[in-house]
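What follows is a set of notes on a single structure, which appears directly below.
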Amino acid sequence: MPEITSRRGLLFGAAAVSAGALITGCTSNEPSESKDAPAGNDQPAADDKPGKQVTIGFAGPQADHGWLNAINDNAKSRAEKYSDVTLEITEGSNDTAQQIGQIETLINKKVDVLVVLPADGKALTQVGLKAMRAGIPVVNLDRVFNTPQAYRCWIGGDNYGMGLNAGHYIGEKLKGKSGARVIELAGLDNLELTKQRTQGFDDALKNYPNIKKVARQAAEFTVESGQAKMAQLLQAQSKFDALWNHDDDQGVGALRAIEQAGRDDFLMVGGAGALSAFQAIKQDDGVLKATVLYPPTMAASAIDLARALGQSKGIGGLAEFEIPSSLTLYSAVVDKTNIDQYMSTGFK
Amino acid sequence: MTQPVSPPLDSSTDKVPPARPPAWRGLLIRADVRTLSLLGVLAVLIVIGGITKPDEFLDTRNLQLVLTQASVIGVVTVGMTFVIVSGGIDLSVGAIVALASVWATTVATQEYGFAGILFTAVVVGVGCGLVNGVLIAYGAMVPFIATLAMLASARGLSLQITDGRTQIVTVPSVLDLGERDAYVLGIPPLVMVFAVVTVIGWLVLNRTTFGRRTVAVGGNPEAARLAGIDVRRQRLYLYLLSGLCCGIAAFLLIVLAGSGQNTNGNLYELDAIAAAIIGGTLLTGGRGTITGSVLGVLIFTTITNIFALNNLQSDVQQIAKGAIIVAAVLVQRRTASTT
């Protein structure tokens with residue numbers, strides 16, 4: 001019978017305990033500088049005066065990515081800003097069945113308005129319909145339900161527009177350069193939004209006959225995949241003029257690969273609007289010259305819309321009596337010229 | 001390793017057949033055929049790469065790139081090979097890499113610099129391996145279940161630690177290790193670590209009592225126990241070893257990607273298992289080689305490289321990867337049965 005031997009075991013145990021203690025000391029994630037206030041607070045709301053009490057149910061995604069995390073932060077901080085809003089928030093989930101269950105719980109709790117960023121828009125359409133039939137208006141955030149019957153209002157980003165604006169930005173920068181070569185580092189290929197971003201990019205490039213897209217590789221929205229795919233692209237394309245990268249999170253890895261390969265002979269445009277990308281653009285000492293926004297502040301706007309819905313108000317100065325049925329955000333290009341305006345919206 | 005050999009429990013011990021040298025030798029020859037067939041596959045790939053993209057593929061920088069990209073998963077695969085040879089499985093490797101990498105890149109850890117990051121990554125890896133090992137060896141849990149539980153909780157913990165954020169590394173000494181300036185005689189430091197781990201792994205599996213015990217436990221645990229091997233302790237050490245490899249791999253990944261993210265090491269478990277199996281390791285245990293596993297990793301990395309150089313899209317890449325796994329295993333079965 002193997003007895004855990006006395007002395008060796010003791011020594012090992014002691015070592016494990018002390019190592020554990022050291023690790024625990026290393027767990028803190030609090031940066032030395034104070035945390036920046038989430039971005040949502042900086043933008044004016046339609047109407048800040050307290051009104052009727054509204055309970056908003058929020059079913060968000062699992063925050064396993066910088067942008068999704070920013071979505072949850074924006075929703076929470078905007079709701080806290082209003083004294084007349086109570087936010088009932090469910091644990092974020094990427095699991096369709098789990099999210100359906102969470103939304104049903106919010107319906108049973110009889111919240112006044114629902115804000116849902118579905119893990120999968122199509123799969124969650126039924127529960128959206130169920131909420132609407134129960135008399136709870138739904139604000140559908142970003143990933144769109146299958147039918148407009150399942151939501152009162154949709155608000156989200158413009159993936160096609162992201163590609164379009166990135167393409168136009170690159171097109172203008174390379175204007176007059178004959179035989180210009182462009183490459184694309186796309187996001188997760190099995191997402192519809194990736195196809196839309198690529199489609200927009202290709203459509204924009206059609207306006208510039210001097211530019212040819214010579215390569216496209218899909219990464220997985222992660223730093224690791226961004227580094228790996230970019231390293232390959234750099235090896236495959238010894239010479240090109242511009243790169244569009246769909247996502248700033250994987251862009252951290254892509255930039256690392258570019259640095260490791262010692263390349264600086266092209267311009268890079270990112271996507272989404274991460275703080276690290278903004279900082280790199282502002283410093284202007286690398287290839288990253290611009291990023292196309294897909295602003296997570298849309299979650300704060302969704303809370304605004306939900307509140308207006310709950311109080312049966314419109315949006316002052318824009319749509320006076322009712323909120324619109326859909327709102328598509330603009331995918332602005334942020335470069336050195338306007339970076340200061342957007343810096344506070346950058347997500348970590 | 002000197003371990004107390006427990007006395008035989010009953011007199012039936014002498015019925016157990018002793019180790020047969022001829023079988024060993026036969027195994028060696030067969031392993032060589034396998035290694036040769038893998039080298040053949042690799043050679044074919046190199047020819048394909050050379051024909052389709054001569055300038056980009058047959059280039060020193062590309063060789064450095066392929067080996068660098070093989071390093072992280074390669075180190076994980078060496079550990080995985082030991083576990084599979086012993087008849088076990090470690091589904092938690094990817095999650096352990098993720099946890100070790102995010103724990104080692106927290107703001108607090110980065111304040112301790114290079115040593116703090118390296119130490120934390122390795123200790124977290126070993127710690128997770130220890131938990132796996134204790135659950136499997138002394139808790140009598142099936143490896144599949146124990147490591148599946150570790151997969152879930154390590155991923156959860158890394159998400160909790162990062163809060164979904166990408167933890168960018170700001171320690172220059174760590175980052176410099178991934179730069180071209182750090183190459184010695186054209187060899188990236190990451191590749192050197194991979195090579196050292198491979199050589200040590202090969203020596204341990206083929207030239208030590210520990211290695212022989214691993215094979216014995218995988219071949220027939222009951223016979224191994226009767227032959228005086230402390231099977232449980234052996235299993236504990238094997239999962240520790242796998243965890244250690246994950247910790248090292250996590251550090252390499254931090255150097256490579258310059259950050260820690262909870263999505264790190266995604267699907268490493270499948271890649272490592274696939275590489276080991278292509279390399280000729282039996283999923284049922286008792287047989288396997290480090291050389292084969294490492295060749296398996298190199299084959300996968302080379303394929304990915306050729307795909308990317310030829311600008312193939314990810315759907316095509318996935319289909320081809322699946323087809324190659326099937327083909328490699330079929331070829332091996334053929335070579336195994338003819339020798």
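Here is the naming used below: chain letters follow the sequence lines, and residue numbers restart at 1 for every chain. These numbers come from a predicted model, not from an experiment.
With contacts defined as side-chain heavy-atom distances shorter than 4.5 Å, the pair B/R180/A/E259 does not qualify. Using a 4.5 Å heavy-atom threshold, the side chains of A/D249 and B/Q261 count as touching. The shortest distance between side-chain heavy atoms of A/E224 and B/T263 does not fall below 4.5 Å. Contact of the B/E56 side chain with the A/Q237 side chain is not registered, since no non-hydrogen atoms from C-beta on lie closer than 4.5 Å. At a threshold of 4.5 Å between non-hydrogen side-chain atoms, the residues B/D59 and A/Q235 count as touching. Side-chain atoms of B/N266 and A/T222, non-hydrogen and from C-beta on, never get closer than 4.5 Å to each other.
Nearest heavy-atom pair across A/A231 and B/L65 is CB-CD1, 3.4 Å. Considering all non-hydrogen atoms of both residues, B/Q69 and A/A228 come closest at NE2-O, 3.1 Å.
Side-chain atoms of A/Q260 come within 3.5 Å of backbone N or O of B/L256 as a donor-acceptor pair. Panel note: side chain B/Q313, backbone A/A218; no donor-acceptor pair is recorded below 3.5 Å.
Only the side chain of B/N262 comes within contact range of chain A, judged by heavy atoms closer than 4.5 Å.
Atom NE2 of A/H65 and atom CG of B/L159 lie 12.5 Å apart (nearest 0.5 Å).
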